[in-house]
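Reckoned from all heavy atoms, side chains included, excluding hydrogens, waters and symmetry mates. This one's a predicted model, so the numbers in the text were calculated from it and none came from an experiment. The chains referred to below are lettered A, B, ... by the order of the sequence lines, with proteins before strands, and numbering in each begins at 1.
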Protein chains: 2
Amino acid sequence: MRTSNSKNLILDTAEKLFAQKGYDGASMRAIAEKAGVAQGLIHYHCKTKEQLFEMIISRRSSEINRDRYHLLKKAFEDAKEGLPTIEDVLFTFIRPALEKGQNNWRRYYTSILGFISHSDDKRSRYLIDKYYNPIAKEYIKALKKIMPDVDGAEIYWGYFYATGVAVYSMARTGRIKELSDGKLDEENMEEKIERIVKFVAGGLRSLK
Amino acid sequence: MRTSNSKNLILDTAEKLFAQKGYDGASMRAIAEKAGVAQGLIHYHCKTKEQLFEMIISRRSSEINRDRYHLLKKAFEDAKEGLPTIEDVLFTFIRPALEKGQNNWRRYYTSILGFISHSDDKRSRYLIDKYYNPIAKEYIKALKKIMPDVDGAEIYWGYFYATGVAVYSMARTGRIKELSDGKLDEENMEEKIERIVKFVAGGLRSLK
DNA sequence: GTCTATAGTTCGATAGAC
DNA sequence: GTCTATCGAACTATAGAC
């Protein structure tokens, strides 16, 4: 085949390992071993560890944010009689990030996103700025449009909180099981998306 | 003095560095250098890196959760005519974690908490289980009491989201400035606490 | 494209002087 | 309590055979 699938194998393996151990905790050696390839091959495909990491962010965020942009535009077009609801807009934000794909890469990727969202180092800020600030500004603009009665500054904080809930609710889902002494566990992803949207919409409405 | 203050200096320095670089990204050498002590001294006081990390979690969480437990009990006692409001309970949860102390260690510590809350590795799960699950169960019990009309399972998710918002809104606050093109910036901590409580209360109420 | 081998650096931890 | 010195392992990255 033209494009080697060993490159995707490396990216997938690295994504999982970065999610579990963080950037510095996942070594190139460990990634190579888990992927079943030589360490040198990673450097052949991705050059450096920094670039491998950015490749992972790049491929997933471009897919997620392309869907978000498209669904957001559609939500405004479909609501011709007026404006989309807060829930309509939030679904376009949450669903592309969390919905079930062919494998559960979103689980791992969201974990990585959690790390860099919380981090204050140069690399993380660079990646968030490059891959997430553009779409963030789109959503803030959209929220301002559909919530004209809410102070502009509050919208920024509301968006900020929404991302916190989304990211947090994907990573470490095992905690629900721990806290409920095994009575609750992972569930249908659609229910999960609906609950997040409901919660965030309620939170946004309470910001006056 | 009896207790060396070099130990606290090491803990403070390590706390800041772990917050900025994560567990594996902050090396013992870097911590020693920043603290202005020999690397060997860290091992003398803390034995291993793992134990140093746990000491940081232990000293902060015990202070925060002692305050939480006390304020939560007080909230129920003071509301003798009935029950405390959702906001009353949330304030006892948020304030001890975020309110301004003598230095801004909460900013750094909350960042560390963000890392381990998102992580799925053995160390993180051990620490969350040991230092945070007991107080989490107190709050879930309290929320069930004051929201008897809400399905029990939803309360777990609501608590989960609340911690996501709290943790996320402390770390990387510089993003608000980026997203607003410099128009917004850090603000009064009391306003911040009130906004978080307002948002989370609105979210919890919308879970039926 | 994929491998092995290895250079050069940095890591956590310990030993031992003071 | 605090330091210096150092061991052995693990790290990223590269060189070069196939």
Side-chain angles (χ1 to χ4, degrees), chain A residues 1-59 112 115-116 119 121-124 126-127, chain B residues 1-59 108 112 115-116 119 121-127:
Chain A
M1 75 211 69
R2 191 116 58 88
T3 24
S4 139
N5 66 9
S6 76
K7 182 171 174 179
N8 281 328
L9 173 64
I10 288 168
L11 288 177
D12 291 344
T13 308
E15 179 174 65
K16 190 168 175 177
L17 220 52
F18 280 133
Q20 290 168 335
K21 319 254 255 172
Y23 180 83
D24 291 287
S27 71
M28 298 293 261
R29 290 173 132 75
I31 293 165
E33 193 182 2
K34 273 233 176 192
V37 300
Q39 194 194 334
L41 191 59
I42 306 182
H43 287 97
Y44 169 79
H45 282 304
C46 310
K47 200 71 187 165
T48 68
K49 190 179 183 181
E50 294 269 355
Q51 283 178 56
L52 161 64
F53 195 69
E54 178 163 353
M55 280 179 192
I56 290 168
I57 307 294
S58 174
R59 68 168 182 167
I112 294 175
F115 282 126
I116 64 171
S119 300
D121 61 285
K122 210 174 139 190
R123 182 194 322 116
S124 300
Y126 163 76
L127 293 171
Chain B
M1 76 211 70
R2 191 117 57 89
T3 24
S4 137
N5 65 8
S6 76
K7 182 170 174 180
N8 282 329
L9 173 63
I10 287 167
L11 288 177
D12 291 343
T13 308
E15 179 173 67
K16 189 168 174 177
L17 220 52
F18 280 133
Q20 291 168 335
K21 319 254 257 172
Y23 180 85
D24 291 286
S27 71
M28 298 294 261
R29 292 174 132 79
I31 293 165
E33 193 182 3
K34 274 232 175 192
V37 301
Q39 194 193 335
L41 190 60
I42 306 182
H43 286 98
Y44 170 78
H45 282 304
C46 310
K47 202 70 188 166
T48 66
K49 189 178 183 182
E50 295 269 356
Q51 283 178 56
L52 161 63
F53 195 69
E54 178 163 353
M55 281 180 192
I56 291 168
I57 307 294
S58 175
R59 68 168 181 166
Y108 300 117
I112 294 175
F115 281 125
I116 64 172
S119 300
D121 61 284
K122 209 175 140 191
R123 181 194 324 117
S124 300
R125 275 182 290 128
Y126 162 76
L127 293 171

Please report the C-alpha distance between B:L9 and B:H45 in whole Å, then the side-chain angles of each, then the deciding distance to 0.1 Å, and finally whether the side chain to side chain contact (heavy atoms under 4.5 Å, CB included) criterion is met. CA-CA 11 Å; B:L9 173 63; B:H45 282 304; over 6 Å; no

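- The shortest distance between side-chain heavy atoms of B:L11 and B:L52 falls below 4.5 Å.
- By the 6.0 Å contact criterion, CD on B:Q51 is enclosed, its count of non-hydrogen atoms from other residues, nucleotides or ligands being greater than 12.
- Salt bridge annotation for A:D24-A:K49: absent, with no cationic side-chain nitrogen under 4.0 angstrom from a carboxylate oxygen.
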Can A:I116 and A:I57 be said to form a side chain to side chain contact (heavy atoms under 4.5 Å, CB included), step by step? CA-CA 10 Å; A:I116 64 171; A:I57 307 294; 4.0 Å; yes

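- Separation of the B:F115 and B:Y23 ring centroids does not fall under the 6.0 Å cut-off.
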Please step through salt bridge (Lys or Arg N to Asp or Glu O under 4.0 Å) for the pair A:D12 and A:K34, ending with a clear verdict. CA-CA 10 Å; A:D12 291 344; A:K34 273 233 176 192; over 6 Å; no

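- Taking a 4.0 Å limit (strictly below) on heavy-atom distances, residues 11-21 of chain A does not reach DNA chain D anywhere.
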How does protein contact run along nucleotides 2-18 of chain C, one letter per nucleotide 5' to 3', with B for base contact, S for sugar-phosphate only, - for none, heavy atoms under 4.0 Å? BBB------BBBB----

